[in-house]
Amino acid sequence: ADLAYYPILFKTTDGGANWDGPYNVQLGGPHGLPAVLNYLTDALIEKLFVPPLPDRTEIIFTTAFDMDIAVDINGNPHITFVVGVKGSNDWSIITKFTEEPELGCQGLIALIHAASYGDMSAWYADTLTRPYTFRGTYPGSTGNDLSEDLRPYISVTPDASKLFFSWQNTRIDNIGDNNAPDIYCTGYRVSDMSYTEMFNVTAFTPVMWKSWMATASYYVFDHGGEYEIPFVCQTMNPANNIDPVTFKYVDEFRITDDDFGFWVSTHEYEENLITVSQNFPNPFNNVTYVNMTLSRDANVTLEVSNILGQKVKTIDYGHYGSGLHKIAIEAEDLESGIYFFTLTTGLDAVTRKMIIE
């Protein structure tokens, strides 16, 4: 059988004494993440496969060795990882066209941000970027190759209301290997699921094109609306990996509150049993509606949580048959603010954000 790597999570809420799981993050297939299924262009699929070309849901996607995880202010998990098409071996990933090295792996892999807002049965994902390059290899005098990949990290504010995704990548024309990297970063605000633009952290700094082995701190410094993300990298002699290295601290890079809202997530998730539209109207007063489609009969329950993840309302709608249904969500007993509602069948769940005026 064809094998691939994908994220599997376990969850603890008591400091590790007890664990729930596993929770699988399905990448491809009929119910895969749209951000994964759709990042490849039709032209790239034509280059990767011989006719008859596969449907996107038939492509085997796999993660690389690069990923990180963080928990936001509401206790929801966020992961970032590199994804691509499975190569010739179970552990390999296609990163570039050997016959067209000038392409690097731009478009062949994607850096994904995936999150779950509820009971971890539903996952949402955005494509942060399609990196130009994947791996840098530095042949040293010892006869062994020293290599590294994109090294993605997630950093958070002390209250975890904002997340910062960073990675290293070489984005230089005609260079197909990640051996002259800069550090890149984009911010994410949990409350409205909005991102900043992608920043080149090390452009025109002393470590431009040589931010090797870069790492990011889990916590950032909050300067009252300005967020300083601590980065460390090392300069080295790529031709001789036994030469001494120098660690460099990249200071003074900040993202501000005004930077968020550059683009807003359009999370989509295809469920096995239930699909749910965004509520309408939104924002709203008193009552709003959603369109719910069931692939088979099921009992449906609604849960509403506030921005702190506290459950504030539960409604048991009872039994529904398969097909399309219009569901009313009455919220006259709730204060104005941002909420998350989850419709669940007991097997599948969909979470959306709603705003009460």
Side-chain angles (χ1 to χ4, degrees), residues 4-11 23-28 32-39 61-84 93 95 105 107-117 120 122-135 148-157 160-169 171 178 181-190 193-201 211 213-220 227 229-231 253 255 260 262-269:
Y5 292 102
Y6 58 92
I8 302 174
L9 284 75
F10 290 82
K11 177 182 179 181
Y23 299 97
N24 300 326
V25 184
Q26 185 172 344
L27 302 178
L33 295 173
V36 172
L37 294 174
N38 298 319
Y39 84 87
F61 294 97
T62 186
T63 60
F65 310 106
D66 303 51
M67 61 182 61
D68 198 11
I69 186 170
V71 177
D72 69 20
I73 188 173
N74 303 315
N76 297 315
H78 296 254
I79 55 177
T80 184
F81 53 88
V82 175
V83 71
I93 184 172
T95 59
C105 64
L108 294 185
I109 60 174
L111 185 63
I112 300 293
H113 163 215
S116 180
Y117 303 96
M120 296 177 67
W123 287 85
Y124 306 81
D126 292 309
T127 300
L128 296 177
T129 187
R130 296 181 178 90
Y132 276 44
T133 56
F134 174 65
R135 175 169 294 161
E148 61 172 335
D149 300 345
L150 277 81
R151 302 174 69 88
Y153 288 92
I154 306 178
S155 304
V156 302
T157 53
S161 64
K162 298 174 181 66
L163 284 64
F164 302 89
F165 303 94
S166 60
W167 62 96
Q168 62 171 34
N169 201 221
R171 295 170 60 95
N178 192 13
D182 282 308
I183 299 173
Y184 293 85
C185 183
T186 188
Y188 176 78
R189 185 164 54 197
V190 175
M193 301 181 182
S194 71
Y195 292 85
T196 70
E197 64 179 302
M198 182 180 70
F199 296 97
N200 186 336
V201 177
S211 303
M213 306 295 175
T215 60
S217 169
Y218 184 75
Y219 287 109
V220 308
Y227 311 99
I229 301 97
F231 293 105
F253 172 73
I255 288 177
F260 292 92
F262 186 78
W263 64 282
V264 179
S265 172
T266 55
H267 289 314
E268 296 178 2
Y269 187 82

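Since we're looking at a predicted model, the values are computed, not measured.
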**Study point:** Any side-chain heavy-atom pair of I229 and Y153 under 4.5 Å
**Key:** no
Review point. Do P77 and W123 have side chains that get closer than 4.5 Å, going by heavy atoms?
Key: yes
Practice item. Anything under 30° is parallel, anything over 60° is perpendicular, the rest tilted; go ahead and classify H113 against Y188. Key: perpendicular
Point to revise | Contact check, side chains of Y5 and M67, non-hydrogen atoms, under 4.5 Å | key: no
Exercise for review: To the nearest 0.5 angstrom, please state how far the CE atom of M198 sits from the CZ atom of F262.
Suggested key: 9.5 Å
Practice item. Indicate the atoms forming the closest heavy-atom contact of A160 with V156, along with that distance. Key: CA-CB, 4.2 Å
Practice item. Check I109 against L150 and note the closest heavy-atom contact, atom names and distance. Key: CD1-CD1, 4.3 Å
Check your understanding: Taking C-beta and beyond as the side chain, do S161 and I73 meet within less than 4.5 Å on heavy atoms?
Key -> yes
**Study point:** Backbone of Y132 reached by a side-chain donor or acceptor of R171 within 3.5 Å
**Key:** no
Exercise for review: Nearest 0.5 Å please: distance from the NZ atom of K162 over to the OG atom of S194.
Suggested key: 9.0 Å
Exercise for review: Measure across T196 and T186 and return the closest heavy-atom pair with its distance rounded to 0.1 Å.
Suggested key: O-OG1, 2.9 Å
**Study point:** F61 vs L37 side-chain heavy atoms within contact, under 4.5 Å
**Key:** yes
Practice item. To the nearest 0.5 Å, tell me how far L111 CG sits from S166 OG. Key: 9.5 Å
Check your understanding: Is the backbone N or O of A35 less than 3.5 Å from a side-chain atom of T127, with the two atoms forming a donor-acceptor pair by type?
Key -> yes
Check your understanding: According to the interplanar angle, ranging from 0 to 90°, do the rings of F199 and F253 count as parallel (below 30°), tilted (30 to 60°) or perpendicular (above 60°)?
Key -> perpendicular
Check your understanding: Heavy-atom distance under 4.5 Å between the side chains of V25 and Y23, does that happen here?
Key -> no
Point to revise | T80 side-chain N/O to I112 backbone N/O, donor-acceptor pair under 3.5 Å | key: yes
Point to revise | N76 and S116 side chains, donor-acceptor separation under 3.5 Å | key: no
Review point. Under 3.5 Å, is there a donor-acceptor pair between the side chain of Y39 and the main chain of L108?
Key: yes
Practice item. Identify which one of V82, I93, L27 satisfies the side chain to side chain contact (heavy atoms under 4.5 Å, CB included) criterion when paired with T63. Key: L27
Practice item. Could you check whether the rings of Y227 and F260 sit parallel, tilted or perpendicular, using 30° and 60° as the cut-offs? Key: perpendicular
**Study point:** Spacing of I183 atom CD1 and N169 atom CG [to the nearest 0.5 Å]
**Key:** 12.0 Å
**Study point:** F165 and Y195 aromatic ring geometry - parallel, tilted or perpendicular at 30°/60° bounds
**Key:** tilted
Study note, to complete from the structure: Nearest heavy-atom contact between C185 and I255 is SG-CD1, 4.1 Å
Point to revise | Short side-chain to backbone donor-acceptor contact, D66 and R151, under 3.5 Å | key: yes
Exercise for review: Compare every heavy atom of A70 with every heavy atom of I154, then report the nearest pair and how far apart it is.
Suggested key: CG2-CB, 3.6 Å
Practice item. Look at the side chain of Q168 and the backbone N and O of D149, then say whether any donor-acceptor pair between them is shorter than 3.5 Å. Key: yes
Exercise for review: Mark yes when over 12 heavy atoms from residues, nucleotides or ligands other than Y219 sit less than 6.0 Å from its OH; otherwise mark no.
Suggested key: no
Check your understanding: Out of curiosity, F134 CZ to E148 CD, how far, rounded to the nearest 0.5 Å?
Key -> 11.0 Å
